[in-house]
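Report on the following structure.
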Amino acid sequence: MGLKAHRPLLKLLKDDSEGTAPRRRVAARLLGQLEGAKFVVDALVLALQKDADAKTRKNAAASLGRLGVAPQILVELLKDEEIGWVRAAIILALGRQGQEEALEPLRAHEAQTPEEAQALERAIERLEPHQSRVSWQPDRTWPGPVLLEVPVGLEDVALDEARKAQCVASRLGKRRPGLLKLGAKAAPSAVWPGLRCVYRMRLMLTDGPGLLATDPQAPAAVVAWMGTQSGLKELHAWLDAPEGVALKYRFDVRGKGIRRKTRAAWLEAVRTALAPLGLKDSPSSYDFELVLEPGAKLSRAWIVPSFAGDERFAYRHRDVGASIHPVVGAALARLVFTGPQAEVRDPTCGSATLLIERAMLGAGALSGSDVSPTAVAASQTNIAASGQRITIHRGDAAEPSSWAMCDEVLANLPFGLRTARRDVTLTRLYNRLSTHLGHNLRAKGRALLYTTARGALDDALGRNSRLTIQERRVVEAGGLEVGLWLVGRSGRRA
Ligand SMILES: C[S@@+](CC[C@H](N)C(=O)[O-])C[C@H]1O[C@@H](n2cnc3c(N)ncnc32)[C@H](O)[C@@H]1O
């Protein structure tokens, strides 16, 4: 019911007549799932302070953690709370909000129950800025295969980038899209930070036994498998990690339909297997992720190092709705590239990700426009952070004033049913855009257009005899299938 649910739930929460505690508990929990209007937060604070029922107080604390409340309020209520497990919920709520003011009071708090102590450890871990004490040992090669996760549908572009960076890499095969494999002698530390068309790097462990969620023996098999992984056993030596410092990991299970209970059992098995190796489960602050992909016949597992951070896209201070993932952006910039002196334009630039990624490859001049003032401001902030020279102005891509002659057009088009101008439907915008493109793209120029509204763009491009579609492909991004067109002027082949 969304916002309409506030009123009846608040009424339930405030009703303290006899026998209503179970309903207050549910109301306190559900209110945390709605948007946090101030009156809701106030009612939950009151419940946490005054409700005679401890479970209602616990649920109110959890909801406040989700909705957000000044940390001082929770710190005060923590001091007054008598029940250990309610205090644990307040502590977790403080950790969840991620506000550093909560750190000192939490460090000073003395836990009186094991549950509270555990909550305290988790909350502090979450709030403390994670300073990994781990670093790469230069030039060390990984004992197993090293894979690169790349956008599905753009593997060729990522492969080309890797090869230009002197990495020996190959595609993993049609049955495993979105993955490249590095050559045997590759040192992960030398490869990873340089490649922009790569999401993440996987350091593979030895394949394991088939694991079925329904098999009660599966956790024991996980313990046996993980405990014998030479990659994990030697991780301390393999990385540059100080003696005696536990390496922290976050565990993840890949695969559909695996129930929470199964995941929890496997996590417990992993904890048991890895504790003797000096590896510690720490889901909110970690040096690497450990991913398990169970299969009926064979299971896979890998680690994704994260201790070194990822500064590649640090220019992204601001976002707009439907921003493109910068890894996809980096690949699109390479696909449209016609030369280092090209004049490049993005008529629906959003937060300017595409232009910034294209600028990094070298261009004569770059410019962008967007109909939304918020997008214009976001792009200006990001461009300043990137240190690139790109001109941005506000403008409607349907209007000729938003266009100028150029060698490349690179655009992630709006794909909602209606565009920012209410009277212009998507079809009309695409038709006009196609017309302007036909007039403004230079004879040897190239445009890359990217949208989920595939039919509308096909129609618009098909109607324009000045343009020719050189290539059309489908890219997977954020769970969506997005169409990509490479377009040139008619009369010339790609
Ligand atoms: C899919 S987003 C582009 C996101 C961008 N590539 C990024 O990574 O931030 C589409 C953008 O088109 C803009 N837009 C919608 N209608 C427009 C129009 N008629 N003219 C120009 N821009 C428009 C929206 O404001 C939005 O920022």
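We count residues from 1, following the sequence as given. Both counts, for ligands and for their atoms, begin at 1 and track the order of listing. As the structure is a computational prediction, the values presented were derived from the model and not from experiment. Side chains included, hydrogens not; waters and symmetry mates left out as well; all remaining heavy atoms used.
Residue-to-ligand polar distances keep L354 apart from ligand 1: every N/O pair is separated by 3.5 Å or more. Annotation: T353 places an N or O atom under 3.5 Å from an N or O atom of ligand 1; distance criterion only. For the pair D396 and ligand 1, the shortest N or O to N or O distance falls below 3.5 Å. Backbone and side-chain nitrogen or oxygen atoms of I324 are examined, and one is located within less than 3.5 angstrom of a nitrogen or oxygen of ligand 1. In terms of polar-atom proximity, defined here as any N/O pair under 3.5 Å, A397 does make such a contact with ligand 1. Among the atoms of S372, none of the N or O lies under 3.5 angstrom from an N or O of ligand 1.
To the nearest 0.5 Å, the span separating CG on L332 from CG on L154 amounts to 6.0 Å.
Contact annotation for C349 and ligand 1: only backbone heavy atoms (N, CA, C, O) come within less than 4.0 Å of the ligand. Contacts between P347 and ligand 1 below 4.0 angstrom, taking non-hydrogen atoms only, involve the backbone exclusively. If you look at T348 next to ligand 1, the close heavy atoms, those under 4.0 Å, come from the backbone and the side chain alike. Residue contacts with ligand 1, taken as heavy atom pairs separated by less than 4.0 Å, involve L429 solely via side-chain atoms from C-beta onward.
With 3.5 Å as the limit, one finds no donor-acceptor pair spanning the side chains of S490 and R466. Side chains of S434 and N464: a donor on one and an acceptor on the other come within 3.5 Å.
Note on R254 versus E293: no salt bridge recorded, every NZ/NE/NH1/NH2 to OD/OE distance being 4.0 Å or above. Between K38 and D42 there is a salt bridge, since a side-chain N of the basic residue sits under 4.0 Å from a carboxylate O of the acidic one. Ion pairing between R472 and D458 holds under the 4.0 Å rule for side-chain N and carboxylate O.
If you number the atoms of ligand 1 from 1 as listed, the ones under 4.0 Å from a heavy atom of V320 come out as 9 (O). Those atoms of ligand 1 that come under 4.0 Å of a heavy atom in S351, given as number and element, are 7 (C), 8 (O), 9 (O). Shown in contact with G395 at under 4.0 Å from a heavy atom are these atoms of ligand 1, numbered in order with element: 20 (N), 21 (C).
Of the listed residues (T452, D370, N412, I356), the one carrying the non-hydrogen atom nearest atom 10 (C) of ligand 1 is N412.
Of the residues R345, R446, R442, the one that meets the side chain to side chain donor-acceptor pair (under 3.5 Å) test with D407 is R442. Residue F307 forms a ring pair (Phe, Tyr, Trp, His ring centres under 6.0 Å) with just one option from Y249, Y286, W136, and that option is W136.
Proximity of P326 to ligand 1 is not established, as no heavy-atom distance is less than 4.0 Å. Within the 4.0 Å heavy-atom shell around ligand 1 one finds L413.
The two residues L366 and L355 come nearest to each other via the heavy atoms CD2-O, 3.7 Å.
Residue R334 qualifies as enclosed at atom CZ: its count of foreign heavy atoms under 6.0 Å is above 12.
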